[in-house]
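First the structure, in the form of structure tokens, and then the observations on it.
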Amino acid sequence: MNNMWELPQAKPYVGDVTNAYNDGRQRPAKRVGRFYEIESLSPAAEWKTGESLTHHHQSVHIVADMPTLARLAKDVLGVDLEMCGGKW
């Protein structure tokens, strides 16, 4: 689904499956405020009468030291946190 804030959209059914927003630890907060948001988007479609769709989303919050988080990121997501360029 295209969830850009613009109407009309040239391609309303083309877009992201997941979006993540992080306003981080800015002091003072320069945008909306300190938050982290992750959203999942169900497939977008034009529905006929009687049609339906079920969309499931699950979020997991993990608190751990950086070596543990780095191992989980690598093992579960295939992501090397060292390559992300962040300061941990």
Side-chain angles (χ1 to χ4, degrees):
M1 163 177 163
N2 182 345
N3 68 338
M4 297 295 293
W5 290 26
E6 60 185 32
L7 292 173
Q9 294 180 347
K11 297 181 178 181
Y13 302 119
V14 176
D16 301 323
V17 173
T18 301
N19 288 308
Y21 308 94
N22 185 0
D23 207 22
R25 294 183 173 186
Q26 300 175 19
R27 289 186 175 89
K30 297 177 183 173
R31 290 183 277 172
V32 178
R34 287 194 222 152
F35 73 94
Y36 179 80
E37 174 187 345
I38 188 166
E39 65 184 14
S40 63
L41 306 172
S42 66
E46 294 182 21
W47 297 105
K48 296 177 183 165
T49 302
E51 291 182 322
S52 65
L53 171 79
T54 301
H55 173 72
H56 297 276
H57 172 95
Q58 181 177 4
S59 296
V60 178
H61 180 88
I62 300 170
V63 178
D65 57 43
M66 274 312 296
T68 301
L69 292 175
R71 189 182 80 247
L72 286 171
K74 186 70 170 175
D75 293 350
V76 176
L77 304 172
V79 174
D80 184 351
L81 294 184
E82 295 296 322
M83 300 300 293
C84 294
K87 293 183 180 179
W88 314 109

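Quick note: numbers below take in every heavy atom, side chains included, and nothing from hydrogens, waters or symmetry partners.
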Review item, side-chain donor-acceptor pairs of residues 66-77, under 3.5 Å, at least two apart:
unit_1: Thr68; atom_1: OG1; unit_2: Asp65; atom_2: OD1; d: 2.7

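Here Leu53 is tied into one hydrophobic group with Trp47, each link being a pair of ILVMFWY side chains closer than 4.5 Å.
Counting all heavy atoms, side chain and backbone alike, Glu6 lies closest to Gln9 at O-CG, 3.0 Å.
Residues Leu7 and Val14 are members of separate hydrophobic clusters, defined by side-chain heavy-atom contacts under 4.5 angstrom among Ile, Leu, Val, Met, Phe, Trp and Tyr.
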